[in-house]
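Reviewing the structure listed below.
Note that ligands are numbered from 1 as they come in the structure, with each ligand's atoms numbered from 1 the same way. The basis for the numbers below is simple: all heavy atoms, side chains too, and nothing from hydrogens, waters or symmetry mates.
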Amino acid sequence: MKRIMTIQDISCIGKCSLTVALPIISAFGVETAIVPTAILSTHTQFQGFTFRDLTDDLEPIKEHWKKEGFEFSAIYSGYLGSERQIEIVRDYVRTFRGKDTFTIVDPVMADNGKLYAGFDDHFPEKMAGLCREADVILPNLSEAALMLGVPYPGEDASPEVTKELLKGLTKFCSGAVVITGVTLEDGTFGFMGFDGKTGTHFEYGNPKVPFKSHGTGDIFASTFTGALAKGFTVLDALKLAADYVTACIRNTYEDQNRVNYAVNFEEELPWLMERITSNRSINNPAERR
Ligand code: PXL
């Protein structure tokens, strides 16, 4: 069985970071080794969340794993609580990256043009530094703009503006740069990317659901990581991630009893598992059960 490592926080309530990465990646039949960077009572969109910093545990965990000789086919980092943690993750990547290890950095730090609570203005620059270690980076529009030090173009950024951002991001990552949560030329909503290795642009979208929630970026990155470890190509893994996030958002939008802090990813896991082995389209209702 393949083993991947994911480094991010545990938000006890919030359905984000490790509490989605662990079930989703496991659903692909891939061992998921977790490095918890902090424990929060909730994600940071709530007022009054607690935050236990686990930075002091990260070095001993790394040393133990090194001694045991564990190997990883992918390393995926998400939300990190401090600049020091970014440095430690860089060290993890350099320590455990083997010849065939794929490194995925989701530079989680902002939404709607604003940094999450607790991050200062230097954080995006440090995160951009970590992107240099990655084979694939998965920022949203806010994170892309912050790392590039340009104004946030708004949620409805035109495809031309998104392409400019992609071009800018290639200076941080020579692999695949992918911006998530973007509106495409045909009005669909999905991702746009550029593969520095092949010099090709790619994009994919689904009909937009008029609903936004938290944690969807983490669901996207986790699905992508699991699919990649399962042998999907980068583009097919990204498409599956976009379809699954859309399924989760649709499910939540239609749920009268939804919570306001996350999406119903659990109810769409059976659909995801079917997609892992078949290749059903999300947009044909006859193919959805
Ligand atoms: O979903 C991203 C995320 C992850 N972890 C924590 C967060 C957020 C977004 O707000 O607060 C702790």
Side-chain angles (χ1 to χ4, degrees), residues 5-25 32 34-55 57-58 75-86 88-89 104-121 123-124 126-127 130-131 134 136-147 152 155 178-182 191 211-226 241-242 244-246 248-249 251-252 258-266 268:
M5 177 200 310
T6 179
I7 313 178
Q8 40 190 329
D9 69 281
I10 296 177
S11 290
C12 299
I13 289 191
K15 303 200 219 183
C16 65
S17 33
L18 285 183
T19 65
V20 298
L22 189 48
I24 291 172
I25 299 168
T32 313
I34 59 165
V35 183
T37 52
I39 299 179
L40 293 80
S41 51
T42 62
H43 61 44
T44 60
Q45 306 301 316
F46 284 83
Q47 297 284 318
F49 59 87
T50 67
F51 189 101
R52 171 150 323 262
D53 191 334
L54 297 179
T55 302
D57 291 279
L58 302 182
I75 300 173
Y76 151 42
S77 72
Y79 178 98
L80 302 170
S82 63
E83 292 182 13
R84 172 88 188 107
Q85 288 193 346
I86 291 177
I88 293 173
V89 170
I104 299 135
V105 172
D106 185 1
V108 178
M109 61 188 153
D111 219 341
N112 299 314
K114 288 200 195 73
L115 281 169
Y116 292 142
F119 295 140
D120 68 21
D121 293 345
F123 198 75
K126 297 283 173 197
M127 206 41 125
L130 182 60
C131 289
V136 177
I137 60 171
L138 301 168
N140 60 26
L141 281 165
S142 304
E143 291 151 355
L146 280 162
M147 287 196 290
Y152 174 57
E155 209 188 316
V178 180
I179 302 182
T180 59
V182 302
F191 62 81
F211 180 75
K212 199 165 152 61
S213 189
H214 302 294
T216 49
D218 301 346
I219 293 171
F220 185 96
S222 301
T223 309
F224 171 69
T225 302
Y244 179 52
V245 168
T246 304
C248 295
I249 293 174
N251 179 311
T252 313
R258 63 177 171 255
V259 295
N260 65 0
Y261 58 81
V263 294
N264 299 349
F265 80 98
E266 303 91 334
E268 295 295 333

Give me the residue, atom name and distance of the protein heavy atom closest to [atom].
atom: atom 5 (N) of ligand 1; answer: Asp9 OD1, 2.9 Å
atom: atom 2 (C) of ligand 1; answer: Asp218 OD2, 3.3 Å
atom: atom 11 (O) of ligand 1; answer: Thr44 OG1, 2.6 Å
atom: atom 4 (C) of ligand 1; answer: Tyr79 CB, 3.6 Å

**Report entry** Heavy-atom neighbours of Asp120 CG exceed 12 at 6.0 Å
**Finding:** yes

Requested in this report: Starting at CD of Glu268, measure out to CD1 of Ile249 and round the result to the nearest 0.5 Å.
Outcome: 11.0 Å

Report task. Look up atom CD in Gln45 and atom CG in Asp111, then write down how far apart they are to the nearest 0.5 Å. Result -> 7.0 Å

Counting each atom of ligand 1 from 1 as listed, which ones have a heavy atom of [X] under 4.0 Å away?
X: Cys16; value: 1 (O), 4 (C), 5 (N)
X: His43; value: 7 (C), 11 (O)
X: Leu40; value: 12 (C)
X: Ser17; value: 4 (C), 5 (N)

Query raised in the report: Is Tyr116 in polar range of ligand 1, meaning some N or O pair under 3.5 Å apart?
Result: no

Query raised in the report: Any nitrogen or oxygen of Gln45, main chain or side chain, under 3.5 Å from a nitrogen or oxygen of ligand 1?
Result: yes

Query raised in the report: Among Ile7, Val35, Ile10, Ile39, which residue meets the side chain to side chain contact (heavy atoms under 4.5 Å, CB included) test with Leu18?
Result: Ile10

Requested in this report: Quick one: sort the His43 and Tyr261 rings into parallel, tilted or perpendicular, breaks at 30° and 60°.
Outcome: perpendicular

Query raised in the report: Between Phe220 and Phe191, how do the two ring planes meet: parallel, tilted or perpendicular, split at 30° and 60°?
Result: perpendicular

**Report entry** Short side-chain to backbone donor-acceptor contact, Gln85 and Thr37, under 3.5 Å
**Finding:** yes

Query raised in the report: Would you find a donor on one side and an acceptor on the other, under 3.5 Å apart, between the side chain of Ser142 and the backbone of Lys114?
Result: no

Requested in this report: Tell me which part of Val108 gets within contact of ligand 1: side chain, backbone, both or neither, using heavy atoms under 4.0 Å.
Outcome: side chain

Report summary line: Within the 4.0 Å heavy-atom cut-off, what Asp111 brings close to ligand 1 is neither

Query raised in the report: Taking the six-membered ring for Trp, are Tyr116 and Phe123 ring centroids under 6.0 Å apart?
Result: no

Requested in this report: For His214 and ligand 1, answer yes if some heavy atom of the residue is under 4.0 Å from a ligand atom, otherwise no.
Outcome: no

Query raised in the report: Any non-hydrogen atom of Gly217 lying under 4.0 Å from ligand 1?
Result: no

